[in-house]
Amino acid sequence: MPCIVINKETCKGCYLCIEVCPKKSIAIGKELNSKGYHPAMPVENGECSGCESCMIVCPELSIEVYDEE
Amino acid sequence: MPCIVINKETCKGCYLCIEVCPKKSIAIGKELNSKGYHPAMPVENGECSGCESCMIVCPELSIEVYDEE
Amino acid sequence: MLVKTIFAGFGGQGVLLMGVCVATAAMNEDKFVTYMPSYGAEVRGGTANCTVSISTDEISSPIASSPNYVVAMNNPSLLRFQHIIKPGGYIVTNSSLVNVELGRSGVTQIQVPGSDIAEELGAMRSANMVMLGAYAAVSNVVSFQSLIDAVGEVTGKKKKELVEFNIKAIKAGHDNAKEQIKKLESIEA
Amino acid sequence: MLVKTIFAGFGGQGVLLMGVCVATAAMNEDKFVTYMPSYGAEVRGGTANCTVSISTDEISSPIASSPNYVVAMNNPSLLRFQHIIKPGGYIVTNSSLVNVELGRSGVTQIQVPGSDIAEELGAMRSANMVMLGAYAAVSNVVSFQSLIDAVGEVTGKKKKELVEFNIKAIKAGHDNAKEQIKKLESIEA
Amino acid sequence: MKNKEKRLMRGSEAIGEAAVRAGCACYFGYPITPQNELTEYMARRMMDTGRVFLQSESEIAAINMALGAASTGARVMTSSSSPGISLKQEGISFIAAMELPCVIVNIVRGGPGLGNIAPAQSDYFQATRGGGHGDYRTIVLAPASVQELYDLTRKSFELADEYRTPVLVLADGMLGQMMEPVVFNDKEILPEQLPDKPWTVKGAKDRPSRFIRSLLLDVDVEEEQNWRLYRKYQRIERREIRHEEYYMKGAELAIVAYGTAARIAKAAVKRCVEKNMRVGLIRPISLWPFPYEHIYKTAETVKHFMSFEMSTGQMVEDVQLGVKGRAEVLMYGRPGGVVPTPAELFRVISRAYNKIAREK
Amino acid sequence: MKNKEKRLMRGSEAIGEAAVRAGCACYFGYPITPQNELTEYMARRMMDTGRVFLQSESEIAAINMALGAASTGARVMTSSSSPGISLKQEGISFIAAMELPCVIVNIVRGGPGLGNIAPAQSDYFQATRGGGHGDYRTIVLAPASVQELYDLTRKSFELADEYRTPVLVLADGMLGQMMEPVVFNDKEILPEQLPDKPWTVKGAKDRPSRFIRSLLLDVDVEEEQNWRLYRKYQRIERREIRHEEYYMKGAELAIVAYGTAARIAKAAVKRCVEKNMRVGLIRPISLWPFPYEHIYKTAETVKHFMSFEMSTGQMVEDVQLGVKGRAEVLMYGRPGGVVPTPAELFRVISRAYNKIAREK
Amino acid sequence: MKDAATHYCQGCGHSVIHRLTAEVIEELGIADRAVGVPPAGCAVLAYFYFDVDMIEAPHGRACAVATGIKRANPESIVFSYQGDGDLAAIGTAEAVHSANRSENITVIFVNNAVYGMTGGQMAPTTLLGQRTTTSPAAAGREAHREGYPIKVSELLASLEGSTYIERCAVNSVRAIRRTKKAIREAFLTQMNGEGFSMVEILSPCPTNWKMSPVKSWKWIDEVMTPYFPLGVIKDSRKGSKKDAG
Amino acid sequence: MKDAATHYCQGCGHSVIHRLTAEVIEELGIADRAVGVPPAGCAVLAYFYFDVDMIEAPHGRACAVATGIKRANPESIVFSYQGDGDLAAIGTAEAVHSANRSENITVIFVNNAVYGMTGGQMAPTTLLGQRTTTSPAAAGREAHREGYPIKVSELLASLEGSTYIERCAVNSVRAIRRTKKAIREAFLTQMNGEGFSMVEILSPCPTNWKMSPVKSWKWIDEVMTPYFPLGVIKDSRKGSKKDAG
Ligand SMILES: Cc1ncc(C[n+]2csc(CCOP(=O)(O)OP(=O)(O)O)c2C)c(N)n1
Ligand SMILES: Cc1ncc(C[n+]2csc(CCOP(=O)(O)OP(=O)(O)O)c2C)c(N)n1
Ligand code: SF4
Ligand code: SF4
Ligand code: SF4
Ligand code: SF4
Ligand code: SF4
Ligand code: SF4
Ligand SMILES: [Mg+2]
Ligand SMILES: [Mg+2]
């Protein structure tokens with residue numbers, strides 16, 4: 001199944017990825033990163049479809065989508 | 001009959017009045033004025049109709065039309 | 001006597017307001033005072049800080065290259081300013097959010113759980129008022145009363161509940177810090 | 001030796017060309033020379049003039065506040081420049097067009113019917129060449145030959161007929177003026 | 001000072017409030033850091049008072065709107081920071097030539113080019129020598145505290161009207177951003193209370209029409225206008241020089257500094273005096289006209305001067321022009337937006353002072 | 001001099017031809033009297049040589065087009081007259097800050113404001129002190145003949161490249177309009193013959209990408225850049241001072257004049273010398289860097305200087321900075337477009353000279 | 001108009017346009033409220049001819065100066081008088097933004113397709129193929145190098161803030177009459193407080209076109225008007241429309 | 001793109017637009033010919049992120065600087081990257097005339113309806129009713145005082161010289177894809193030597209709009225696009241049209 005990796009340190013917590021994810025596979029993380037943002041995180045057991053929407057909208061290039069075959 | 005008076009000194013000899021006069025009542029004068037132009041002059045025995053065209057086009061406000069009744 | 005204090009934190013934490021309140025209090029005590037915010041592009045990225053200088057004399061520079069006090073509302077503020085504090089100076093940290101360790105010696109750290117106290121009182125956003133109280137207790141550069149008056153003056157005296165709430169918050173911070181100082185003094189003594 | 005000449009007339013009379021020709025002739029005689037046209041808004045209104053300074057020495061200012069010679073191609077030029085000519089200087093007028101009287105003493109007027117002569121030769125527009133010849137005769141600052149050469153150089157040597165025509169015109173003006181000067185000299189003598 | 005009269009004010013707001021209380025009827029500006037707070041303050045205050053605030057499309061438009069508004073007799077202000085002030089130079093030259101009153105604020109930033117937004121004093125030449133074309137001068141006032149930002153801005157409007165000339169208030173981001181207590185020692189004037197000016201162009205009602213211009217094609221007329229301006233500038237030089245002295249009595253080394261640098265210099269000089277060094281401070285408050293005479297007189301006894309500037313050295317030329325060879329002129333500068341500390345300056349002064357002492 | 005090498009040239013054309021022969025690849029300009037002949041000459045010549053001529057929408061656009069073109073390594077020129085040069089000040093400050101080579105011609109006219117189009121020297125301050133913001137300098141060359149217009153324009157391109165800095169050619173309408181014989185003492189260079197510059201931005205082919213900028217938000221970095229520039233300017237001050245002397249041997253009164261004024265001064269001085277007056281002329285050719293040292297040395301023996309300018313007095317400050325109190329500095333000025341005569345200046349000098357003699 | 005001979009060349013359109021503007025001001029009875037802003041351009045000396053208050057603007061900045069005057073003193077009737085170099089080149093930003101803010105001013109815009117005062121350089125409105133001293137190619141102005149002649153009226157009309165814009169000419173008795181009417185409409189627009197008004201006038205510059213005045217008139221008809229069509233380009237007035245058309 | 005964290009605020013459109021531009025440059029294989037001109041504006045530090053040659057322009061002058069570069073070195077692919085204050089206020093004249101001359105350059109025009117870098121002042125594109133620090137009235141920007149939001153694309157499209165102009169947004173996955181395509185078209189226009197191309201991009205400035213990034217996206221849909229309609233505003237290319245639409 002496809003999955004995403006979010007770079008916690010570069011994420012600025014805009015949550016646009018969360019907004020666009022059709023699978024509701026991303027959520028706000030609990031921890032603060034060193035810039036003071038709560039980075040977005042993939043939800044556990046999310047059903048990522050690998051649509052790349054999150055990657056496309058992320059302003060910080062913080063998301064990579066892996067489509068493991 | 002209407003007639004026109006041209007101020008020889010302010011006339012700059014553009015001859016636009018001659019161009020527009022429907023009655024061919026204006027012509028180029030022979031003398032030079034002090035600025036070095038040959039001012040326009042009403043032709044002798046011209047048939048001015050008092051249409052004011054010459055007055056309207058004159059850039060130098062050099063023409064007055066008299067409609068003597 | 002010239003005392004310089006830097007108040008630092010995230011953008012939304014109200015650190016500039018803290019500075020203005022302290023400056024106003026000092027003014028009302030007829031002291032010389034300057035207040036200097038960080039400005040311009042520096043502000044981008046969501047951090048903010050300001051410097052308040054209070055003196056019995058004309059103040060030359062409103063900037064602090066080595067402040068006597070730093071009030072750090074978050075980790076980045078502690079990291080950024082800890083090394084420039086004057087030896088013998090104080091850093092007052094909002095221990096609810098600041099969890100990195102102080103990386104230098106020669107200064108005293110007073111840890112006040114500002115956000116937690118504020119939350120207990122019922123308004124998380126008032127952590128700055130709590131820390132203001134703590135700062136007053138630690139520094140003593142302005143009296144508790146004139147600080148309270150100043151906060152009222154600055155935030156507008158109309159909303160009475162707010163004023164009263166702020167007083168409560170300031171007092172809570174003040175008490176918390178006083179407690180710690182007492183302990184410290186007893187250790188040192 | 002420093003000789004300044006103003007060439008003046010209406011816009012279309014080619015007075016600037018006269019100046020350039022004289023300046024070129026002087027340059028080719030290895031003299032110091034400057035040429036200065038009137039410029040900018042001054043030009044509007046259809047008059048033009050230029051100043052040529054010729055010297056055996058470096059020339060300070062290319063402007064003439066009191067020229068030795070004035071070549072006046074029309075009435076306004078005479079009126080404008082007559083009063084600044086150096087005492088003892090000359091004014092060469094195109095008497096075909098200049099009919100106002102000279103209004104000062106102490107200078108010599110040479111009247112050459114430049115336009116008429118040019119018309120006789122077949123090209124009314126070459127009055128400037130006629131007057132150039134006259135000027136050369138009166139002033140002697142450049143030799144007749146180098147003037148002829150200069151005119152060829154400036155107007156372009158390609159159009160042979162033109163060059164030859166110009167020479168004719170210059171010569172005609174030169175002769176006319178020489179004649180008058182002789183008369184004057186004989187009177188003075 | 002009584003408490004209730006004091007207000008803790010931001011520098012830029014003190015400028016704005018001084019303008020409002022001086023009866024400024026029109027403000028034209030364009031955003032640039034670090035003077036945005038002034039523009040924004042004017043946006044609010046002018047709207048509240050029903051006066052004219054207009055954010056123009058550029059600094060050039062702003063200075064020319066100011067030119068137009070000034071021609072109606074209204075008190076007008078515009079403000080910017082270094083690059084924006086460079087763009088206004090043509091307009092300033094015109095305003096000076098047309099003899100219109102106008103107050104221009106420059107909150108100087110680090111330059112040249114885009115530079116940065118930190119406090120700097122590197123627009124001194126531009127301000128005092130006229131960055132624009134032609135023989136003209138602008139009065140330049142250099143406040144060193146928020147109180148002075150208020151007082152001198154207020155004064156600027158009066159000087160502008162009195163001499164019909166642009167007046168420049170030269171400050172920097174530090175002065176503009178900082179807050180200090182301010183006391184209003186003056187009376188507020190409303191625009192409609194200002195006396196009519198006899199030269200305005202507001203429509204030729206009940207009088208012949210007139211015009212205001214700077215084009216003087218006839219060189220003799222232009223020359224006369226140049227000398228007229230020159231005489232006015234001489235009058236200003238005679239009457240409007242402002243400066244402050246600090247511990248200059250018996251001083252052997254005179255620091256010369258203005259604005260923010262003067263604040264720092266004061267602290268450093270105080271430290272020197274405490275250490276029994278004979279060091280004093282001359283603070284020019286008007287940069288043009290500059291206190292040449294005073295410096296010249298001082299140089300009779302004080303044989304060492306040090307120009308201290310937040311630049312690589314510009315005012316130092318004026319100090320040199322002042323001493324006329326009578327004294328040695330040193331220079332200490334920190335350009336690029338650096339605000340030196342009193343301690344640093346104290347060290348620099350000490351070193352110089354000791355050297356001087358040794359050489360004696 | 002051989003005849004065939006001499007050409008009778010208009011001043012503005014000599015500037016243009018020098019640019020073309022120096023390999024200038026791009027010219028950007030905007031009409032303004034009295035420099036239109038230069039723009040028009042470039043329109044024809046650049047078209048003929050297949051190079052870039054662009055009449056921009058404004059002087060501001062022109063200086064910024066020049067900035068862009070200079071960044072590619074091309075030799076570039078722009079020109080204007082006083083009001084237009086005022087508008088270019090922001091751009092000049094940027095070009096200086098970004099260390100780009102660029103030649104800027106100012107055919108000065110009478111000012112301030114619209115003024116007139118007659119010859120003047122009232123942009124001296126703007127040229128030598130930087131009318132723009134920040135600590136920067138521009139090299140300023142002041143030709144006094146058409147030959148020098150040619151030679152110094154040519155030189156400007158070399159200096160601009162060598163020091164990566166804007167170079168200003170300062171002339172006036174008289175020099176621009178007049179014709180004099182010119183000899184080309186140099187070899188023409190084609191743009192493509194010029195060596196590549198290692199700092200250009202032409203696309204990151206076969207190398208890492210790079211950028212050119214002047215924004216240095218970090219004050220320490222900006223400060224270092226300011227000092228870097230400062231050191232460069234000091235280097236220029238050591239190496240690029242140009243001046244001429246005329247009858248200075250044994251002189252008791254030194255006239256200091258540049259450009260058109262220097263021509264007039266030469267004639268007047270000659271007349272003085274002929275009358276056995278001990279008067280000489282110092283003609284600064286580079287206005288910045290200014291020959292301070294030389295004037296200082298001269299002031300060891302010459303106790304009287306007179307700055308002669310077609311302005312109300314600007315260079316006089318540099319003369320004063322030069323003599324450092326060692327000598328008296330007089331000033332004679334004719335602003336507003338007046339070109340004084342040698343006779344007039346001779347009278348002025350005589351009067352001053354006699355007074356000096358009497359006082360001895 | 002003051003009783004002074006103008007400095008304009010023979011057959012210059014400025015003279016006529018001055019007269020028409022002065023007549024309209026006279027007829028509308030606003031001479032004692034009018035403030036004019038002449039440009040740097042051939043009309044720079046307009047204050048010698050108009051018998052109303054005037055103040056000079058730096059080249060291109062007349063709209064900004066007019067804005068300042070009108071904002072400071074809304075009772076005045078403010079007009080700028082600008083050439084095509086002045087308004088459409090260096091003054092582009094000021095013109096666009098004054099129109100966009102719908103400044104309640106009137107612009108008399110004299111389009112003579114050339115920089116007149118400085119001696120005939122290319123203007124933004126110079127036509128393709130027209131030779132000038134700065135578009136000296138045999139082919140004259142060419143789009144690929146020098147761009148297109150700018151249609152200023154259309155450009156400003158595309159801005160929501162502009163209220164009344166008309167393009168006229170002064171190359172016939174009828175055209176001159178029409179121009180006067182347009183100027184009148186423009187001032188009425190301002191008097192009614194309806195915002196930005198402009199009259200663009202195609203105007204002969206015989207000197208720089210190197211044509212006789214009579215030839216210049218023809219050139220306007222044959223070359224200019226096909227590219228710059230005459231007529232009301234925009235009229236979004238609410239109140240006073242009746243007079244136009 | 002260089003591997004550097006940007007200084008932009010959370011949810012800022014600049015970051016996305018940078019990426020899209022960089023991707024297009026990469027994909028078209030023009031990275032070694034590209035020269036970028038960032039503005040004074042939030043994007044002033046763009047040279048830290050783009051891995052191509054860049055040169056800073058004074059505020060508003062990017063089009064003039066780009067013109068100079070392109071004319072001097074026609075082989076380069078030159079783009080300016082400008083904000084709405086930069087291009088539509090102080091840079092109006094430079095933008096209008098570059099378009100009119102059909103300079104063969106590409107403009108990436110970021111319209112965020114506000115002066116971002118200087119802290120949220122009114123921009124020429126600020127919408128009616130929008131409150132900013134310099135349009136502080138309760139009613140926000142009002143036309144009678146501050147004029148209308150300028151439709152830059154339409155304005156420049158009205159000039160004969162402009163070749164390809166499209167307005168896009170970056171507030172949805174689709175919009176972002178579309179924006180990338182438009183940027184590609186614009187660069188292709190330049191590569192084909194067809195003249196002036198511009199992509200206007202409606203871009204969120206959550207910080208100065210005082211909204212969350214998500215809210216900002218909605219605001220673009222609900223408030224901005226009704227006034228600034230998306231789509232190809234102009235396409236007068238001869239050769240390469242197939243790719244567009
Ligand atoms: C800043 C500045 N740049 C240039 C000029 C020179 N200048 C004076 S008038 C003018 C243009 C005139 O053309 P236009 O506006 O078309 O008016 P016209 O003379 O054709 O009526 C120019 C460029 C100036 N005075 N100021
Ligand atoms: C001459 C000049 N004037 C003003 C400024 C200040 N300034 C910097 S960026 C900017 C505007 C930024 O707004 P915009 O162009 O919309 O870009 P954004 O930050 O919104 O992306 C201004 C006014 C400057 N640097 N130079
Ligand atoms: S790739 Fe698509 S489905 Fe997967 S997390 Fe991203 S947006 Fe959601
Ligand atoms: S879009 Fe990117 S920056 Fe925004 S929350 Fe998601 S990962 Fe973080
Ligand atoms: S129209 Fe007027 S100026 Fe022209 S020729 Fe006739 S009278 Fe003379
Ligand atoms: S009034 Fe009419 S008919 Fe009479 S001269 Fe004038 S144009 Fe001719
Ligand atoms: S140059 Fe042209 S516009 Fe100027 S006055 Fe002469 S004809 Fe009229
Ligand atoms: S201020 Fe606005 S435009 Fe600038 S970085 Fe922040 S969100 Fe982006
Ligand atoms: Mg024109
Ligand atoms: Mg923006």
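Quick note on labels: first sequence line is chain A, next is B, and so on, each numbered from 1. Keep in mind that this is a model prediction, so the values were computed, not measured.
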K.L.:
Would the number of heavy atoms belonging to other residues, nucleotides or ligands and lying under 6.0 Å from CD of G:Glu27 be above 12?
P.N.:
yes

K.L.:
Closest heavy-atom contact between G:Cys12 and B:Pro59?
P.N.:
O-CB, 3.9 Å

K.L.:
With only heavy atoms counted, which part of B:Val57 is less than 4.5 Å from chain G, the side chain, the backbone, both or neither?
P.N.:
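It is both, since atoms from each part get that close.
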
K.L.:
Looking at B:Pro22, B:Ser53, B:Cys54, which hits side-chain contact (heavy atoms from CB on, under 4.5 Å) with G:Val173?
P.N.:
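Looking at B:Pro22, B:Ser53, B:Cys54, the match for G:Val173 under the side-chain contact (heavy atoms from CB on, under 4.5 Å) is B:Ser53.
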
K.L.:
Measuring from G:Met1:CE to B:Leu61:CG, what's the distance to the nearest 0.5 Å?
P.N.:
5.5 Å

K.L.:
Which pair of heavy atoms, one from G:Arg177 and one from B:Cys51, lies closest together, and at what distance?
P.N.:
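Result for this residue pair: NH2-O, 4.4 Å.
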
K.L.:
Within the distance-only criterion (no hydrogens, no angle test), does the side chain of G:Arg19 pair as donor or acceptor with the backbone N or O of B:Glu60 below 3.5 angstrom?
P.N.:
no

K.L.:
Give a yes or no on whether a salt bridge exists between B:Glu19 and G:Lys215, defined as a side-chain N under 4.0 angstrom from a carboxylate O.
P.N.:
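Answer for the salt bridge query: no.
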
K.L.:
Is it true that atom CD of G:Glu26 has more than 12 heavy atoms of other residues, nucleotides or ligands lying nearer than 6.0 Å?
P.N.:
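No, CD of G:Glu26 has 12 or fewer neighbouring heavy atoms, counting only those of other groups under 6.0 Å.
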
K.L.:
What pair of heavy atoms forms the shortest contact from B:Val20 to G:Trp217, and how long is it?
P.N.:
CG1-CZ3, 3.5 Å

K.L.:
Can you tell me which of B:Leu16, B:Thr10, B:Ile18 forms the most heavy-atom pairs within a distance under 4.5 Å of chain G?
P.N.:
B:Leu16

K.L.:
Quick one: OG on G:Ser172 to CD1 on B:Ile56, what's the gap to the nearest 0.5 Å?
P.N.:
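Between atom OG of G:Ser172 and atom CD1 of B:Ile56 there are 10.0 Å.
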
K.L.:
Is the CD atom of B:Glu9 crowded by more than 12 outside heavy atoms at less than 6.0 Å?
P.N.:
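Yes - once you tally the heavy atoms of other residues, nucleotides and ligands closer than 6.0 Å, there are more than 12.
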
K.L.:
For each of B:Cys58, B:Gly13, B:Cys11, B:Cys14, tally heavy-atom pairs with chain G at distances under 4.5 Å, and name the one with the top tally.
P.N.:
B:Cys14

K.L.:
Below 4.5 Å, heavy atoms only, C-beta onward: do G:Thr6 and B:Lys12 meet side chain to side chain?
P.N.:
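Yes, close enough: below the 4.5 Å cut-off.
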
